[in-house]
Peer 1: 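Have a look at this one.
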Amino acid sequence: MGLVFTAVVYVAGYLFLLFVAVCLACGLYYLAELAEEYTSLTRKLISLSITAVLICHVLFFLFEELPRLPLAVGFAAHACYFVLLRGFPFLRLLSPSFLVSVGMLITSNYLWIRHFTAHYHQLVHVFCFFVFNVWLAPFGFFVSLSINEAVLPDRLASTAAETYSEGGRTKSVSGIKSAFNYMQEKKEDLMPSTAKRV
């Protein structure tokens, strides 16, 4: 192949990756909007997905020859997701249940990747296995992280450290928003803006 053809292929490949990234971002934004609008349905869907994956893990344990350690860790991870679901839609990013769930997700990913690199399977099969058995429930939690700003406060948002007052109303501050607020404060400390905000 010639130099021009190779250059066009590389440019088109990077444009393709850019378009895929934009499409994924738009899809995630739309799913987050749906999760905000239908909070109780989102909770039911996450609960249903966790139950389905737990049943699938039991069936794998009984009828398939998959390694027991990744199955046990995956089962424990999804049990942790059930504990995390109790406080839904208010997810506290520094709570013990959230941190344990993230640790179990990372451990489960590591063990399954180690298994599938040691035993050959088609890439499509491995990807589909990961989507359903490892990533489905965490993806539901990830999409619903923005719900905290859209729901009315309740008994979970009663402490002063987790709430703020705006116009006489009390809103719960999510971990994502508090992280962005913290970054904004640090940016203002390092680079104070010349324009005053009204």
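If you're wondering where the values come from, they're calculated on a predicted model, not measured in any experiment.
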Peer 1: For the side chain of Ser47 and the backbone of Arg43, is there at least one donor-acceptor N/O pair under 3.5 Å apart?
Peer 2: no

Peer 1: Among pairs that include at least one residue of residues 26-69, which meet ring pair (Phe, Tyr, Trp, His ring centres under 6.0 Å), considering only residues two or more places apart or in two chains?
Peer 2: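 Non-adjacent pairs meeting ring pair (Phe, Tyr, Trp, His ring centres under 6.0 Å): His57-His78, Phe60-Phe129.
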
Peer 1: Could you tell me which non-hydrogen atom of Ser49 sits nearest to which non-hydrogen atom of Ile46, and how far apart they are?
Peer 2: OG-O, 2.7 Å

Peer 1: Can you measure from CG (Leu34) to OG1 (Thr42) and round to the nearest 0.5 angstrom?
Peer 2: 8.0 Å

Peer 1: Under a 4.5 Å cut-off applied to non-hydrogen side-chain atoms, are Trp135 and Phe127 in contact?
Peer 2: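 Counting from C-beta outward, Trp135 and Phe127 do come under 4.5 Å.
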
Peer 1: Report the C-alpha distance between Val126 and Phe130 in whole Å, list the side-chain angles of each, state the deciding distance to 0.1 Å, and finish with yes or no for side-chain contact (heavy atoms from CB on, under 4.5 Å).
Peer 2: CA-CA 6 Å; Val126 173; Phe130 269 87; 3.7 Å; yes

Peer 1: Determine the interplanar angle of the Phe88 and Phe141 rings, folded into 0 to 90°, and report it as parallel if under 30°, tilted if 30 to 60°, perpendicular if over 60°.
Peer 2: perpendicular

Peer 1: Quick check for you: to the nearest 0.5 Å, what is the distance between Leu45 atom CG and Leu136 atom CG?
Peer 2: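 Answer for the CG-CG pair, Leu45 versus Leu136, is 9.5 Å.
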
Peer 1: Taking atom types as modelled, is there a side-chain donor on Trp112 or Asn133 under 3.5 Å from an acceptor on the other?
Peer 2: no

Peer 1: Specify the closest pair of heavy atoms between Val143 and Ala35, including all atoms of both residues, with the distance to one decimal.
Peer 2: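 For Val143 and Ala35, the tightest heavy-atom pair comes out as CG1-CB, 4.3 Å.
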
Peer 1: Minimum heavy-atom separation for Leu54 to Ala79, with atom names?
Peer 2: CD2-N, 4.4 Å

Peer 1: Side chains of Phe82 and Thr51: does their closest heavy-atom pair fall under 4.5 Å?
Peer 2: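 SC-SC contact between Phe82 and Thr51 confirmed.
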
Peer 1: Could you tell me the separation between the CG atom of Leu71 and the SG atom of Cys56, rounded to the nearest 0.5 Å?
Peer 2: 9.0 Å

Peer 1: Find out whether Leu31 and Phe142 are in side-chain contact, i.e. whether some heavy atom of one side chain is under 4.5 Å from a heavy atom of the other.
Peer 2: no

Peer 1: Quick one: are Leu94 and Phe98 in side-chain contact, heavy atoms under 4.5 Å?
Peer 2: no

Peer 1: Do Val73 and Val83 belong to the same hydrophobic cluster, where Ile, Leu, Val, Met, Phe, Trp and Tyr are linked whenever their side-chain heavy atoms lie under 4.5 Å apart, directly or via other members?
Peer 2: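 No, Val73 and Val83 fall in different hydrophobic clusters.
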
Peer 1: Under 4.5 Å between side-chain heavy atoms, counting indirect links through other Ile/Leu/Val/Met/Phe/Trp/Tyr residues: same cluster for Val134 and Phe75 or not?
Peer 2: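 Both belong to a single hydrophobic cluster.
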
Peer 1: Quick check: is Leu66 connected to Val58 through a chain of hydrophobic side chains (ILVMFWY, heavy atoms under 4.5 Å apart)?
Peer 2: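 As far as the 4.5 Å side-chain criterion goes, Leu66 and Val58 are connected within one cluster.
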
Peer 1: Is there a donor-acceptor pair under 3.5 Å between the side chain of Ser108 and the backbone N or O of Met104?
Peer 2: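 Judged by distance alone, no pair lies under 3.5 Å.
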
Peer 1: Just how far is it from atom CD of Glu36 to atom OG of Ser144, taken to the nearest 0.5 Å?
Peer 2: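 Answer rounded to 0.5 Å: 10.0 Å.
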
Peer 1: Can a donor-acceptor pair be found, under 3.5 Å and without considering hydrogens, that links the side chain of His119 to the backbone of His115?
Peer 2: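 Yes: the side chain of His119 pairs with the backbone of His115.
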
Peer 1: Is there a path of hydrophobic side-chain contacts, each under 4.5 Å between heavy atoms of I, L, V, M, F, W or Y residues, that connects Val131 with Leu105?
Peer 2: yes

Peer 1: Is Tyr110 reachable from Tyr81 through a run of hydrophobic residues whose side-chain heavy atoms are each under 4.5 Å from the next?
Peer 2: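 Per the 4.5 Å side-chain linkage, Tyr81 and Tyr110 are not co-clustered.
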
Peer 1: To the nearest 0.5 Å, how far apart are CD1 in Ile106 and CG in Leu111?
Peer 2: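 CG of Leu111 is found 12.0 Å from CD1 of Ile106.
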
